[in-house]
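Contents: one structure, followed by commentary.
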Amino acid sequence: MSNDRIDALRKAVDTNPDDVLLRLVLAESLTAAAEIEEALDQYVVLLDQHGLPDDQFVPVGELAAANGRLALLRNLLEAARQRGIVEGTGRLQQLVDGMISERSGVRIKVGPEAEYDPLTADTAKETTTFDQVGGMEEIKRIIHRMVILPLSRPELYEKYGRKSGGGVMLYGPPGCGKTLLARATAGECGLPFINVRIEDVMDPYLGVSERNLHAAFERARANGPCVLFLDELDALAFARHKHGGSESRRLVDVLLQELDAIGSDNEGLLVLAASNAPWDVDEAMLRPGRFDRVIFVPPPDEPARADILGVLTKDVPADDLDLKALAGQTPMFSGADLRALIERGVDKVIDEALSTGGEPPLAMRHLTDALTAVKPSTLDWLHRVRSYIEFANQSERYDDVAAYLKSRDVRRRLS
Ligand SMILES: Nc1ncnc2c1ncn2[C@@H]1O[C@H](COP(=O)(O)OP(=O)(O)O)[C@@H](O)[C@H]1O
Ligand SMILES: [Mg+2]
């Protein structure tokens, strides 16, 4: 078909956007004229309008797969299932699987560019460092080897042919320092830290969440090298449970595309993520090259608690605090619980200062007093993870958690 005719069709579709037959003719003409990207964009709309004939699902799927359009492919598969197009679903599933397993790192166009960036990011170098994170000696070592070393000594990794790409996901009970650790990792690398809470990315309007997420990656790329932190990844899964599917599926796809793109073009983007509910995280997200390194961040043990208490009281005028004793009195407290404890203790000091007119230092009595009001918050999570592991243990992924739960001390606390 001549360009003039296609132009005429484009105009006709513009003025009659709901005429699905017309749009179908346009899409087919565009395909015939090798204007594939535009054709696929039309098919996206047609699919939304329920205007794609059953026998077109597979051919359009093939076209989408050949052109790296995973999101469209996924939507075709989902729509085919809903419409009960049986023969088609098998082939579409095959195409989806094929694309996911051999993603070559080609970034896929995800809708129009966001006109504005709803995610504010601080692009100054992060100043938090590992000294501000109490305990976690082992995890700090792992992160050093997995993240910091490859960044500071890339030649070592090149020499031994070891790939340094792929993201790290931290998981564990809330308040145990995942976000803090991610921030400090950026600080240790001397890089800006861009914190993206998945929940902040989510938007009820169709397509906006995807665009927000894409914008976050764009922003990170523009500020690279930097650490992009995707906090509370479980929000994705939560949305899936709540809305039952396609919405968060598309967001997961965008995330996968972005992650796959990083490995290939090496933009100095380091991606970390955190989740309180790793079992809710999509399997596809944990494949090689994505979040293929998963680290359990447990509640701090006694020495770690003493260390955290030290960090938390470093700048507080204090008198003879026996932090070791306090660590012994705070089993299963998270870092956040310990912080709450110190804050309550400080409140008591202030009360005292106000009533006596003096400036008393923080002392053990304030903290022992505060201890009656603060309870450990990690037990709920540990109970949940325990039943999860017992009843659904499908992989070795949670071996670290299982080992942790088996330790005598923890078993006693949980029973
Ligand atoms: N290991 C730690 N050292 C010092 N402070 C900690 C530690 N863990 C937690 N905290 C305190 O608790 C707060 C919440 O921790 P956060 O990193 O947000 O936990 P998570 O992301 O695992 O839910 C931190 O801002 C910090 O004040
Ligand atoms: Mg957090």
Side-chain angles (χ1 to χ4, degrees), residues 122 126-144 167-188 193-202 227-238 271-281 291 294-316 318 321 323-324 326-327 330-347 362 367 370 374-382 384-385 400-401 404:
D122 180 4
E126 177 57 42
T127 55
T128 311
T129 55
F130 276 176
D131 333 325
Q132 282 145 279
V133 185
M136 298 207 203
E137 296 310 328
E138 177 65 21
I139 297 176
K140 286 179 191 168
R141 257 197 302 281
I142 294 174
I143 294 215
H144 189 83
V168 176
M169 184 177 87
L170 306 170
Y171 74 96
C176 291
K178 296 184 292 298
T179 304
L180 182 66
L181 189 67
R183 192 175 277 288
T185 301
E188 290 288 320
F193 181 71
I194 298 185
N195 190 354
V196 177
R197 287 181 62 236
I198 293 296
E199 222 183 300
D200 296 339
V201 167
M202 306 269 243
V227 173
L228 175 62
F229 180 53
L230 302 172
D231 208 353
E232 292 164 33
L233 262 191
D234 23 307
L236 279 176
F238 180 72
V271 188
L272 304 180
S275 171
N276 293 334
W279 45 84
D280 270 351
V281 172
F291 295 113
V294 173
I295 301 177
F296 175 45
V297 180
D301 61 10
E302 195 171 319
R305 289 196 298 273
D307 200 33
I308 293 172
L309 287 165
V311 170
L312 292 169
T313 53
K314 192 164 58 71
D315 299 321
V316 182
L321 297 179
L323 298 181
K324 275 202 178 122
L326 202 57
T330 47
M332 310 316 285
F333 273 49
S334 69
D337 298 335
L338 293 174
R339 178 172 158 170
L341 179 70
I342 300 296
E343 282 171 355
R344 270 187 177 263
V346 170
D347 284 347
L362 177 67
L367 294 172
V374 184
K375 296 285 165 260
S377 65
T378 62
L379 293 171
D380 278 352
W381 191 91
L382 292 168
R384 268 184 61 206
V385 79
D400 287 353
V401 188
Y404 173 80

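Read the numbers this way: they start at 1 and go in the same order the structure lists the ligands and their atoms. The model shown is predicted, which means the values in this text are computed figures rather than measured ones.
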Specify side chain, backbone, both or neither for C176, according to which of its non-hydrogen atoms lie closer than 4.0 Å to ligand 1. backbone

What I'd like to find out is whether the side chain of F193 reaches to under 4.5 Å of the side chain of L228, using heavy atoms alone. no

In this structure, atom 6 (C) of ligand 1 is nearest to the protein heavy atom L180 CD2, 3.5 Å

Of T129, T127, T128, the one forming a side chain to side chain contact (heavy atoms under 4.5 Å, CB included) with R183 is T128

Kindly confirm or rule out an N or O of G175 lying under 3.5 angstrom from an N or O of ligand 1. yes

Under 4.0 Å from a heavy atom of P174: which atoms of ligand 1 are those, numbered in the order shown and with their elements? 23 (O)

Would you say that Y171 contacts V281 through its side chain, given a criterion of any heavy-atom pair below 4.5 Å between the two side chains? no

Against heavy atoms of V133, which atoms of ligand 1 measure under 4.0 Å? 1 (N), 3 (N)

By the salt bridge (Lys or Arg N to Asp or Glu O under 4.0 Å) test, which pairs, at least two apart or in different chains, include something from residues 298-314? none

Any side-chain heavy-atom pair of S334 and C176 under 4.5 Å: yes

Would one find more than 12 heavy atoms of other residues, nucleotides or ligands at under 6.0 Å from atom NZ of K375? yes

At the 4.0 Å heavy-atom cut-off, does R183 count as touching ligand 1? no

Counting only protein N/O/S atoms, those under 2.8 Å from the Mg ion (ligand 2) total 1

State which residues pass ring-ring contact (aromatic ring centres under 6.0 Å, His included) with F333; sequence neighbours excluded, sorted by chain then number. none

Residue pairs fulfilling salt bridge (Lys or Arg N to Asp or Glu O under 4.0 Å) with at least one residue in residues 168-182, sequence neighbours excluded: none

Salt bridge present between R339 and E343 (N-O < 4.0 angstrom): yes

Which residue from G177, G335, G134 reaches closest to atom 2 (C) of ligand 1 through any of its heavy atoms? G134

Please write down residue, atom name and distance for the protein heavy atom closest to atom 18 (O) of ligand 1. T179 CB, 3.8 Å

Side chain, backbone, both or neither: M136 near ligand 1, heavy atoms under 4.0 Å: side chain

Counting neighbours of CG on D380 that are heavy atoms of other residues, nucleotides or ligands and sit closer than 6.0 Å, is the number greater than 12? no

Residue, atom and distance of the protein heavy atom nearest atom 14 (C) of ligand 1 read A336 CB, 4.0 Å

Any idea how W381 and F296 line up, ring-wise: parallel (<30°), tilted (30 to 60°), or perpendicular (>60°)? parallel

Record the part of R339 in heavy-atom contact with ligand 1 below 4.0 Å; permitted values are side chain, backbone, both and neither. side chain

